[in-house]
Amino acid sequence: MPELPEVETVCRGLAPAMVGAVIDGVERRRENLRFPFPDNFVARLSGRRIEGLARRAKYLLADLDDGTVLVMHLGMSGSFRIETSEGASTPGVFVHPRGPAGTHDHVVFHLSNGTAIVYNDPRRFGFMDLIPRASLGEHPLFAGIGIEPLGNELNGEALSRLFAGKAAPLKAALLDQRLVAGLGNIYVCESLHRAHLSPRRKAGTISPKKGGSPRAALLAQVIRDVLEEAVAAGGSSLRDHRQTDGTLGYFQHTFRVYDREGEPCLNPGCGSIVRRIVQSGRSTFYCSTCQK
DNA sequence: AGTAGAACCTGAGCGC
DNA sequence: TGCGCTCAGGTTCTAC
């Protein structure tokens with residue numbers, strides 16, 4: 001489910017409820033998600049004040065007042081919702097659309113402001129960890145992670161440098177979190193279509209010369225554009241993904257290729273059929289006429 | 001160096 | 001109504 005824009009949307013939705021609040025208690029309803037919870041998870045969180053909430057790549061980072069960071073990854077199907085003490089009839093409170101209430105609600109943070117932050121994750125590919133702020137950068141999760149696509153580091157020169165000499169397809173290189181951190185299957189497909197670049201092209205060929213190229217600069221720019229537009233739209237709502245207040249993101253209405261196999265390419269004057277291929281075990285959608 | 005495949009899970013959608 | 005199959009936003013491992 002969540003790529004960078006979805007995690008950013010979740011972060012912005014949770015921040016008003018979480019930042020400044022004290023964690024009065026935590027319900028941890030199972031022993032593990034993708035990984036076991038860290039030792040003494042509940043005890044280490046209880047009584048802590050949340051000083052900030054941020055996103056890095058696809059991770060949510062909650063800064064606690066004891067110098068640790070609560071790290072959260074949503075996997076494929078994780079989502080948060082905010083519940084107030086007034087209950088489900090309160091405007092803005094997410095009511096799960098189907099299934100028995102509470103199914104797949106694995107963690108609940110009870111906050112001093114009366115709200116409960118509920119983590120739901122049917123497939124349980126998400127995980128949570130507690131890491132000292134001072135050593136976050138050296139932690140295996142973050143050491144060697146790639147550049148932030150919405151930060152200042154992403155430009156044509158950076159892409160050229162990162163992809164130089166790589167024989168892997170552009171699609172695989174863009175999905176590699178060690179190079180650029182935060183892109184997922186949807187936004188890679190969309191970005192490559194906008195940049196008119198084939199997902200099958202060798203990554204090293206976007207910039208045959210050192211120091212960048214118009215092609216690399218264009219790719220960097222469309223990645224930023226696509227991500228920023230998706231964040232502005234509140235993310236995509238594939239299947240059961242929703243924002244923290246239960247409303248649907250609507251960026252999926254602007255997909256140009258993703259999940260459009262067999263439908264016409266939307267580039268003006270093209271009209272070729274969008275194709276689906278499999279790369280690195282993932283579906284790739286693209287227009288073989290427009291993307292070279 | 002790359003890639004294919006499998007693994008971790010549940011649920012939706014489809015053909016029959 | 002239900003069975004069996006494929007697919008799904010992520011990541012990480014093994015085996016060629």
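Chain identifiers are assigned alphabetically (A, B, ...) following the order of the sequence lines, protein sequences preceding nucleic acid strands; residue numbering begins at 1 within each chain.
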Test side-chain hydrogen bond (donor to acceptor under 3.5 Å, both in side chains) applied to A/D63 - qualifying residues, sequence neighbours left out: A/R133
- prompt: Under 4.0 Å: is that the gap between some side-chain N or O of A/R282 and OP1 or OP2 of C/dG9?
  reply: yes
message: As a test of reading the structure: which of B/dG2, B/dG11, C/dG9 is closest to the side chain of A/K166, going by heavy atoms?
response: B/dG2
task: Can you tell me, in whole Å, how much space there is between the P of B/dG2 and that of C/dG9?
output: 23 Å
message: Can you measure A/E3 atom CD to C/dA8 atom P for me and round it to whole angstrom units?
response: 13 Å
- request: Quick one: do A/Y187 and A/Y258 satisfy ring-ring contact (aromatic ring centres under 6.0 Å, His included)? Show the steps, please.
  value: CA-CA 8 Å; A/Y187 297 106; A/Y258 184 80; 8.7 Å; no
message: Let me check something: do A/L61 and A/L64 share a hydrophobic cluster, defined by ILVMFWY side-chain heavy atoms less than 4.5 Å apart, either directly or through other members?
response: no
query: Taking atom types as they are modelled, is there a donor-acceptor pair under 3.5 Å from the base of B/dC9 to the side chain of A/R124?
result: no
Protein-nucleotides 13-16 of chain C N/O pairs closer than 3.5 Å?
none

query: A/N120 has an atom CG; how far is it from atom C1' of B/dC9, in whole Å?
result: 13 Å
message: Using a 4.0 Å cut-off on heavy atoms, which residues in residues 272-280 of chain A reach DNA chain B? List them by number, or say none.
response: A/S280
task: Assess the pair A/F142 and A/Y59: is the distance between their ring centroids shorter than 6.0 Å?
output: yes
task: Look at the side-chain N and O atoms of A/S283 and state whether any lies under 4.0 Å from the OP1 or OP2 oxygen of C/dA8.
output: yes
A/Y187 OH to C/dG10 P, straight-line distance once rounded to whole Å: 10 Å
- request: Check the hydrophobic clustering (I, L, V, M, F, W, Y; side-chain heavy atoms under 4.5 Å; chains of links allowed) and say if A/I145 and A/V69 are grouped together.
  value: yes
- prompt: Of the nucleotides B/dT3, C/dG9, B/dC9, which one has an atom closest to the side chain of A/N185?
  reply: C/dG9
message: Less than 4.0 angstrom between a side-chain N/O of A/Q177 and OP1 or OP2 of C/dG10, yes or no?
response: no
- request: Report yes or no: does A/E190 contribute a side-chain atom to a donor-acceptor pair with the main-chain N or O of A/V257 at less than 3.5 Å?
  value: yes
- request: Output yes when at least one side-chain N/O atom of A/K58 is less than 4.0 Å from OP1 or OP2 of C/dG10, else no.
  value: yes
query: Closest to the A/M76 side chain: C/dT11, C/dG9, B/dG2?
result: C/dG9
message: Rounded to whole Å, please give me the gap between CG in A/L74 and P in C/dA8.
response: 20 Å
- prompt: Would A/F125 pass as stacked on C/dT11, i.e. its ring centre under 5.5 Å from the base's six-membered ring centre and planes under 30° apart?
  reply: no
- request: Flag the pair A/R56 and A/E148 as a salt bridge only when some basic side-chain nitrogen lies within less than 4.0 angstrom of an acidic carboxylate oxygen.
  value: yes
query: Mind pulling the stems DNA chain B is in, i.e. runs of at least three Watson-Crick or G-U pairs, everything under 3.5 Å?
result: B:2-8 with C:10-16, B:10-16 with C:2-8
- prompt: Can you check the A/R200 CZ to B/dT3 C1' distance for me, whole Å?
  reply: 14 Å
message: Can you see if the side chain of A/H73 gets near the phosphate of C/dT11 - specifically, an N or O under 4.0 Å from OP1 or OP2?
response: yes
Only distances under 3.5 Å count here; give the side-chain donor-acceptor pairs of residues 41-48 of chain A to other protein atoms, sequence neighbours excluded, each with its distance to 0.1 Å.
residue	atom	partner	partner atom	Å
A/R44	NH1	A/D39	O	3.2
A/S46	OG	A/V42	O	2.8
A/R48	NE	A/D65	OD1	2.5

message: Working note: A/Y286 + A/R276, criterion side chain to side chain donor-acceptor pair (under 3.5 Å); need CA distance, chi angles, decisive distance, verdict.
response: CA-CA 7 Å; A/Y286 78 112; A/R276 172 184 176 273; over 6 Å; no
task: Can you tell me which residue pairs pass the salt bridge (Lys or Arg N to Asp or Glu O under 4.0 Å) test with a partner in residues 159-185 of chain A, sequence neighbours excluded?
output: A/D176-A/R178
field: OP1 or OP2 of B/dG11 under 4.0 Å from side-chain N/O of A/H104
entry: yes
- line: Note: A/R12 and A/V231 closest approach over all heavy atoms is NH1-CG1, 3.4 Å
task: In plain terms, say whether A/R55 and A/E6 are close enough for a salt bridge, that is, a side-chain N and a carboxylate O under 4.0 Å apart.
output: no
- request: Starting from P on B/dA7, measure out to CZ on A/F127 and report it in whole angstrom.
  value: 21 Å
field: Rounded distance (Å) that lies between atom C1' of C/dA8 and atom CD of A/E261
entry: 14 Å
query: Passes side chain to side chain donor-acceptor pair (under 3.5 Å), A/S77 versus A/D121? Steps please.
result: CA-CA 5 Å; A/S77 60; A/D121 188 354; 2.6 Å; yes
- request: Identify whether any heavy atom of A/G281 sits under 4.0 Å from a base atom; if not, whether one sits that close to sugar-phosphate; answer base, sugar-phosphate or nothing.
  value: nothing
message: In whole Å, I'd like the distance from the CD1 atom of A/I186 to the C1' atom of C/dG10.
response: 12 Å
- prompt: Are any of A/R34's side-chain N or O atoms less than 4.0 Å away from OP1 or OP2 of B/dC9?
  reply: no
